[in-house]
Q: 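What follows is a structure written as structure tokens; I'll ask about it next.
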Amino acid sequence: MGSQLPVARPRRLTAPARLIGRLYRSASESARVTAIGSMLRPLSPLALAAVADGAFAFALVNGTDDTLRLGTIASSQVAELADFAFQVDPSALLQAAEMLARPAAGTAFAAAVVALLVRQMPALRARLMPT
């Protein structure tokens, strides 16, 4: 007789966010630190605690230079962070993509990620900041 609550479906990540997650896997440690810092910068403390099930809450206390913690972050959590950062400030995601793609700039995949993000920027800005 009781009503059942609707089952929460996982939110589908945007293509740029998934690509950032893939780039993160193969990036150097210094590129990872810089990229995560650029994606965390526009987020509020509440968002830091909530995104990716709190995986980035350590940044509230330790900042983004905690390389020991960053070593435990999975690429799927980075993709969630990228998706959230994309909604808050698309330019933060572009900065992160540039940092992650820099060591692999010669690869077609890295070039495709940056091209995709640059191409989507005008539409996202229009959607996020209506006139």
Side-chain angles (χ1 to χ4, degrees):
M1 262 212 212
S3 63
Q4 291 183 345
L5 295 174
V7 176
R9 295 183 189 164
R11 202 167 63 83
R12 183 161 165 79
L13 299 175
T14 60
R18 291 192 310 269
L19 291 172
I20 291 290
R22 289 182 64 191
L23 277 176
Y24 181 82
R25 272 185 277 187
S26 61
S28 68
E29 185 177 301
S30 63
R32 288 178 177 198
V33 169
T34 306
I36 286 181
S38 70
M39 290 186 286
L40 291 177
R41 198 167 295 112
L43 303 185
S44 69
L46 181 59
L48 285 175
V51 70
D53 295 326
F56 300 98
F58 69 89
L60 290 168
V61 177
N62 302 338
T64 58
D65 293 333
D66 190 345
T67 55
L68 184 61
R69 281 286 176 101
L70 289 175
T72 65
I73 301 294
S75 61
S76 60
Q77 292 170 316
V78 173
E80 287 183 50
L81 171 63
D83 193 57
F84 198 84
F86 196 49
Q87 295 172 36
V88 174
D89 181 5
S91 65
L93 193 61
L94 185 58
Q95 290 171 0
E98 289 172 352
M99 292 311 305
L100 293 171
R102 190 169 287 160
T107 67
F109 176 71
V113 169
V114 174
L116 174 67
L117 290 171
V118 168
R119 194 181 91 213
Q120 290 187 356
M121 290 297 286
L124 286 169
R125 286 184 194 209
R127 193 174 77 209
L128 294 173
M129 297 177 245
T131 55

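Everything quoted here is computed from the prediction, not taken from an experiment. Residues take their numbers from the sequence shown, with the count starting at 1.
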Q: Indicate the atoms forming the closest heavy-atom contact of Ser38 with Gln95, along with that distance.
A: CB-OE1, 3.7 Å
Q: Supply the atom-to-atom distance Phe84 CZ to Asp89 CG, rounded to the nearest 0.5 angstrom.
A: 12.0 Å
Q: To the nearest 0.5 Å, tell me how far Gln77 CD sits from Ile36 CD1.
A: 9.0 Å
Q: For the OG1 atom of Thr34 and the CD atom of Glu29, what is their distance to the nearest 0.5 Å?
A: 10.5 Å
Q: Looking at Leu23 and Ala97, what are the two nearest heavy atoms and their distance?
A: CD1-O, 4.3 Å
Q: Can you sort out the partners of Ala50 under side-chain contact (heavy atoms from CB on, under 4.5 Å), two or more places apart, ordered by chain and number?
A: none
Q: Does Arg18 use its side chain to pair, donor to acceptor, with the backbone of Asp83 at less than 3.5 Å?
A: no
Q: For Val51 versus Leu81, what's the shortest heavy-atom pair and its separation?
A: CG2-CA, 3.9 Å
Q: Excluding sequence neighbours, so at least two apart, what forms side-chain contact (heavy atoms from CB on, under 4.5 Å) with Ala35?
A: Ala96, Met99, Leu100
Q: With sequence neighbours left out, write down each residue that passes side chain to side chain donor-acceptor pair (under 3.5 Å) with Ser30, or none if nothing qualifies.
A: Ser28
Q: Counting C-beta onward and ignoring hydrogens, is there a side-chain heavy-atom pair between Tyr24 and Ile73 closer than 4.5 Å?
A: yes
Q: What is the distance from atom CD of Glu80 to atom OG of Ser75, rounded to the nearest 0.5 Å?
A: 10.5 Å
Q: Within a strict 4.5 Å, meaning less than it, do heavy atoms of the Ile20 and Met39 side chains meet?
A: yes
